[in-house]
Amino acid sequence: MSPRSKTTFAGVIALIGLCLVSCSKEEPAPPSAASKPSVSVVVLQPQDVAITAELPGRTAASLEAEVRPQVGGIVRKRNFKEGSEVKEGDVLYELDPATYQASYDSAVASLQKAEGALPSAQAKVNRYGRLTSNNAVSEQDLEDAKSTLAQAKADVASAKASVETARINLEYTKIRAPISGRVDASTITVGALVTAEQTTALTTIRSLDPINVDVTQSSSNLLNLREAVDSGRLRFSGTNVSVKLKLDNGKAYDRTGTVEFAEATVDQSAGTVKLRAQFPNPDRVVLPGMYVRAVIQEGIAPNSYLVPQRGVSRNTKGEPTARFVTKDNKVEERVLSVDRSIGNNWLVTAGVNGGDRIIVEGSQRTQIGQEADAKEVTIDNATGELKSASIGGSSMIVNVAEAQN
């Protein structure tokens with residue numbers, strides 16, 4: 001390379017160096033402003049909240065009767081289909097009535113005989129009464145005649161009672177249903193010999209509409225309930241306490257029942273009080289002996305706040321916390337006081353006010369004090385889906401999974 005070329009190359013290298021030095025001294029470009037995180041919020045408003053208690057229980061027939069014979073005899077006929085519905089007074093079994101019919105006929109004949117002797121005794125008393133006034137008959141004869149008349153009347157009364165007894169026994173050969181309901185399987189067949197008031201029931205009838213539900217509640221819960229009512233935190237909604245029912249398969253029963261009574265004593269071994277609720281059961285969906293859960297409405301909590309559970313978390317102390325968007329669209333966090341869960345919500349007794357906007361989606365993208373872009377939504381308690389606030393009479397449903405994404 002010639003000396004002139006070397007000089008030119010060195011100048012180029014120096015020029016590049018100066019450019020690099022000048023570039024390194026320039027101010028760095030300011031970073032782009034961070035975009036505001038988008039969050040979904042629910043506006044909280046005070047409301048009257050129904051306070052319920054979910055208690056375990058067992059179903060039982062409202063009426064139950066074991067059918068037993070009141071007279072003995074041979075079963076001649078069975079008039080019902082096992083497992084069917086019967087009405088009160090229906091003839092279930094027929095016993096051989098021959099001996100009871102004979103006893104009834106004999107009693108009727110004895111009554112006729114007693115009644116036949118009565119007119120003669122009455123006439124004799126009347127006749128002796130007239131003769132005694134003329135001293136034709138002694139007073140003793142008249143008294144004897146009156147005694148005979150009284151005996152004749154007693155014989156008639158006794159014969160009538162015997163006829164009624166024979167008639168009742170004859171009627172008892174037709175064994176009738178004491179109540180209406182569903183009849184169980186028969187324990188005897190046609191031709192079997194039964195005896196009066198035997199220990200083995202012929203069958204059992206259970207009334208399934210309405211049906212009872214027996215549940216237990218701890219005595220401490222009852223005391224807490226009374227305290228809440230006395231302090232005004234809870235009020236009764238009416239005289240009839242309504243009850244909902246969850247069946248053994250987890251589905252809700254579509255009929256509403258009422259509490260019929262509560263026992264006046266506490267079970268000393270378990271510390272519980274027994275409650276009984278009654279439900280209409282026209283379709284015979286609920287059967288005796290089922291395990292169920294009764295949702296009893298204990299009362300109404302006035303001016304209370306329901307906070308979506310999806311918007312509440314726990315801090316390191318285990319306290320329930322939630323993030324809110326303030327009026328100036330800044331994010332803040334508060335510690336809440338939670339009483340109980342109601343559906344997909346928490347019943348909050350402190351830490352919230354009317355009009356507060358709680359963040360239910362997107363809180364993980366926010367920081368305390370940061371400005372956020374809040375979008376009002378509502379939550380469907382049944383499905384857990386988010387719904388945007390109504391605009392022009394319509395609303396858009398947003399799936400929970402999509403909202404999280």
Side-chain angles (χ1 to χ4, degrees), residues 36-54 218 220-237 295-390 395 398 400-401 403-404:
K36 295 186 295 184
S38 178
V39 296
S40 299
V41 298
V42 171
V43 180
L44 302 179
Q45 297 295 343
Q47 56 184 302
D48 291 345
V49 179
I51 303 301
T52 60
E54 187 171 316
S218 67
S220 60
N221 284 347
L222 288 179
L223 294 175
N224 293 337
L225 176 62
R226 181 178 292 275
E227 181 182 351
V229 173
D230 293 341
S231 64
R233 292 183 287 109
L234 197 66
R235 70 168 187 263
F236 286 118
S237 58
V295 182
I296 300 178
Q297 181 172 322
E298 296 181 334
I300 302 295
N303 298 322
S304 300
Y305 292 93
L306 290 179
V307 175
Q309 292 182 356
R310 61 189 300 114
V312 180
S313 59
R314 298 275 176 175
N315 58 19
T316 55
K317 297 180 180 180
E319 300 170 325
T321 62
R323 292 192 175 186
F324 297 82
V325 177
T326 62
K327 294 181 178 179
D328 55 357
N329 295 325
K330 297 293 182 63
V331 177
E332 69 174 7
E333 187 173 83
R334 303 181 200 165
V335 176
L336 308 180
S337 178
V338 173
D339 180 71
R340 67 179 71 194
S341 64
I342 299 179
N344 294 322
N345 301 302
W346 292 113
L347 177 62
V348 176
T349 56
V352 296
N353 298 293
D356 284 349
R357 297 183 294 173
I358 183 173
I359 300 176
V360 294
E361 288 294 340
S363 61
Q364 69 276 11
R365 298 191 294 268
T366 64
Q367 296 180 358
I368 298 175
Q370 183 183 20
E371 189 173 354
D373 182 16
K375 176 183 178 182
E376 287 188 18
V377 298
T378 59
I379 297 179
D380 190 326
N381 288 329
T383 63
E385 294 180 339
L386 297 181
K387 296 181 181 180
S388 64
S390 298
S395 61
V398 182
V400 174
Q404 292 175 341

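Paired with Val325 under the rule side chain to side chain contact (heavy atoms under 4.5 Å, CB included), one option of Glu376, Arg357, Glu371 passes, and it is Arg357.
Minimum interatomic distance between Ala322 and Gly311 (heavy atoms only, all atoms of both residues): CB-O, 3.4 Å. Closest approach of Phe324 to Gly351, counting heavy atoms only: CZ-O, 4.5 Å. Of all the heavy atoms in Gln370 and Pro37, the pair that sits closest is NE2-CD, 3.5 Å. Of all non-hydrogen atoms in Val335 and Thr321, the two that sit nearest each other are CG2-CG2, 4.0 Å. The heavy-atom pair separating Gly354 from Pro46 by the smallest distance is CA-CD, 4.1 Å. The two residues Arg314 and Pro320 make their nearest non-hydrogen contact at NH1-CD, 3.2 Å.
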request  = Let me see the working for Leu347 and Val338 under side-chain contact (heavy atoms from CB on, under 4.5 Å), right down to the final yes or no.
outcome  = CA-CA 6 Å; Leu347 177 62; Val338 173; over 6 Å; no
request  = Take Val312 and Val307 through the side-chain contact (heavy atoms from CB on, under 4.5 Å) test and state the conclusion after the steps.
outcome  = CA-CA 8 Å; Val312 180; Val307 175; 3.6 Å; yes
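A donor-acceptor distance shorter than 3.5 angstrom exists from the side chain of Asp48 to the backbone of Asn303, with no hydrogens or angles considered. Looking at Ser40, its side chain never comes within 3.5 Å of a backbone N or O of Val360 through a donor-acceptor pair. Panel note: side chain Gln309, backbone Asn345; a donor-acceptor pair is recorded below 3.5 Å.
In this structure, the side chains of Arg334 and Asp356 come closer than 4.5 Å at one or more pairs of heavy atoms. Looking only at side-chain heavy atoms (C-beta outward), Val39 and Asp373 stay at 4.5 Å or farther from each other. Within the 4.5 Å cutoff, the side chain of Tyr305 has no heavy atoms near those of the Leu336 side chain.
Here the straight-line distance linking atom CD1 of Ile359 with atom OG1 of Thr366 works out to 4.5 Å at 0.5 Å rounding. Of the inter-residue distances, the one linking Arg323 atom CZ with Glu332 atom CD reads 11.0 Å to the nearest 0.5 angstrom. Remark: Thr349 OG1 to Arg340 CZ distance equals 11.0 Å, nearest 0.5 Å. Rounded to the nearest 0.5 angstrom, Ser313 OG and Glu333 CD are separated by 6.5 Å.
Atom CD of Gln47 has more than 12 heavy atoms from other residues, nucleotides or ligands within 6.0 Å.
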